[in-house]
Amino acid sequence: MIPYSIPSITFDPITGTINGVQPQDRKLSDLKGYFIDSNAYNARLALDNPVIYSVASVEPDQGDGQLHYGIGVIAPGQVGAEYFMTKGHFHAWRPAAEVYIGLSGEGFMLLEEETTGKETLLPLNAQHIVYVPGATAHRTINTGSVPLVYIGIYPSAAGHDYGVIAERNFNSVLVNVNGQSTLVKRDRFSIAS
Ligand code: F6R
Ligand code: ZN
């Protein structure tokens, strides 16, 4: 029997649009405190308030064994030397892992294990897959000149815990140093670098 009640979903890997799904926008003003260069942040916000990223989420069902997914689109750009990026989060249900698949554009995922603080920076380009283990903070960063589009698939029970990262941020920042994406410890970053 064909399960007609399960809809066929189509998406555009370049724009990140999922047919029939309204994305949630995160504007520059929603990211207050996330970028390391607060002067550059304030200067840009005085000019305009662009959408930094948006996520179209699909939540077919809740309960044991169910999955949710979302397509994220991060605009190209920088605040000071730091590339446009997501807020980043832990999953509220810590054991929940996630699979990210790059669809278009160029960027990275920054992972940080909660208990050890171990950091991993992995490319997230088209046809790259990144497995995010449980209890690992994850942030997506666009280092290219076009939108970075990706899909993330996660347990329906995962939830988002933004609090830890909003409070202390990641231990490192990904910055453009002479055209090179460079990971620098937050406490060693100087605006002049
Ligand atoms: C879901 C997930 C992604 C992100 C998206 C936006 O668990 O990891 O769908 O929600 O990349 O990033 P945040 O949620 O950090 O604003
Ligand atoms: Zn997640």
Side-chain angles (χ1 to χ4, degrees), residues 1-27 30-31 34 51-75 84-142 147-171 174:
M1 202 169 122
I2 298 170
Y4 286 106
S5 60
I6 300 174
S8 168
I9 309 265
T10 58
F11 68 93
D12 183 325
I14 305 298
T15 63
T17 308
I18 304 179
N19 276 331
V21 178
Q22 183 65 38
Q24 184 185 34
D25 289 341
R26 297 281 192 202
K27 298 179 119 182
D30 298 318
L31 289 160
Y34 282 89
V51 172
I52 305 297
Y53 65 98
S54 64
V55 186
S57 302
V58 180
E59 303 183 350
D61 208 348
Q62 306 283 344
D64 283 355
Q66 302 296 331
L67 298 174
H68 291 174
Y69 58 93
I71 293 188
V73 181
I74 308 179
F84 284 3
M85 61 187 186
T86 60
K87 290 182 172 182
H89 60 271
F90 287 98
H91 290 147
W93 180 42
R94 287 296 194 272
E98 181 162 2
V99 172
Y100 274 69
I101 302 169
L103 301 175
S104 61
E106 288 176 23
F108 289 90
M109 285 199 74
L110 179 58
L111 309 182
E112 192 179 297
E113 286 176 28
E114 185 164 39
T115 49
T116 62
K118 182 171 180 255
E119 298 168 292
T120 309
L121 185 69
L122 292 168
L124 186 69
N125 304 326
Q127 295 156 34
H128 282 222
I129 299 172
V130 173
Y131 181 79
V132 181
T136 302
H138 43 292
R139 165 174 283 165
T140 315
I141 304 161
N142 185 352
L148 173 63
V149 184
Y150 57 90
I151 185 167
I153 305 164
Y154 47 96
S156 64
H160 293 82
D161 175 355
Y162 290 105
V164 177
I165 296 301
E167 176 79 14
R168 67 153 177 83
N169 221 320
F170 283 71
N171 287 324
L174 191 67

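Remember, it's a predicted structure, so these values are computed and weren't measured experimentally.
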* Report yes or no: does N142 contribute a side-chain atom to a donor-acceptor pair with the main-chain N or O of I74 at less than 3.5 Å? => yes
* Which atom names give the shortest non-hydrogen contact between W93 and A157, and what distance separates them? -> CB-O, 3.4 Å
* Asked: Once you round to the nearest 0.5 Å, how far does CG of N19 lie from OG1 of T10?
  -> 3.5 Å
* Asked: Which heavy atom of L148 sits nearest a heavy atom of L124, and at what distance?
  -> CD1-O, 3.3 Å
* Distance-minimising heavy-atom pair for Y154 and G70 -> CE2-N, 4.1 Å
* **Nearest heavy-atom neighbours spanning P147 and V73** => CB-CG1, 3.9 Å
* Main-chain N/O of H68 paired with S156 side-chain donor or acceptor, under 3.5 Å -> no
* Asked: Which heavy-atom pair separates I14 from S104 by the least distance, and what is that distance?
  -> CA-OG, 3.7 Å
* Structure fact -> A56 and V21 have their tightest heavy-atom pair at CB-CG1, 3.8 Å
* Any chance you could lay out the side chain to side chain contact (heavy atoms under 4.5 Å, CB included) test for V99 and V132, step after step, and finish with the verdict? => CA-CA 6 Å; V99 172; V132 181; over 6 Å; no
* **D12 vs T17, side-chain hydrogen bond (donor to acceptor under 3.5 Å, both in side chains): CA-CA, chis, key distance, verdict** => CA-CA 5 Å; D12 183 325; T17 308; 5.8 Å; no
* Is any side-chain heavy atom of T15 less than 4.5 Å from a side-chain heavy atom of V149? -> no
* Expected output: side-chain D25 to main-chain K27 donor-acceptor under 3.5 Å -> no
* To do: Return yes if some donor-acceptor pair links the side-chain N/O of R139 with the main-chain N/O of K87 below 3.5 Å, else return no.
  => yes
* To do: Starting at CD1 of I71, measure out to CD1 of I9 and round the result to the nearest 0.5 Å.
  => 10.0 Å
* To do: Please indicate whether Q62 has more than 12 foreign heavy atoms, meaning atoms of other residues, nucleotides or ligands, lying under 6.0 Å from its CD.
  => yes
* Residue of the set T136, T120, N171 for which side chain to side chain donor-acceptor pair (under 3.5 Å) holds with E112 -> N171
* Reported CD1-to-CG distance for the pair I141 and L121, which is rounded to 0.5 angstrom -> 6.5 Å
* Can you tell me how far CD of E98 sits from CD1 of I151, rounded to the nearest 0.5 angstrom? -> 10.0 Å
* To do: Rounded to the nearest 0.5 Å, what's the gap from OG1 on T86 to OH on Y34? Could you check?
  => 9.5 Å
* Exam field: side chain H128 to backbone G102, donor-acceptor pair closer than 3.5 Å -> no
* To do: Please test T140 against Y53 for side chain to side chain contact (heavy atoms under 4.5 Å, CB included), starting from the C-alpha separation and ending with a verdict.
  => CA-CA 10 Å; T140 315; Y53 65 98; over 6 Å; no
* Asked: Could you walk me through whether I101 and Y69 pass the side chain to side chain contact (heavy atoms under 4.5 Å, CB included) check?
  -> CA-CA 11 Å; I101 302 169; Y69 58 93; over 6 Å; no
* Asked: Got I153 and Y100 here, is their nearest side-chain heavy-atom distance under 4.5 Å?
  -> no
* To do: Answer yes or no: are there more than 12 heavy-atom neighbours, outside D61 itself, under 6.0 Å from its atom CG?
  => yes
* Asked: So, H138 side chain and H89 main chain: donor-acceptor pair closer than 3.5 Å or not?
  -> yes
* Got a donor-acceptor contact below 3.5 angstrom from the D161 side chain to the F90 backbone? -> no
* Do the rings of H160 and Y162 sit parallel, tilted or perpendicular, given the 30° and 60° boundaries? -> parallel
* To do: Output the distance between atom CE (M85) and atom CZ (F170), rounded to the nearest 0.5 Å.
  => 8.5 Å
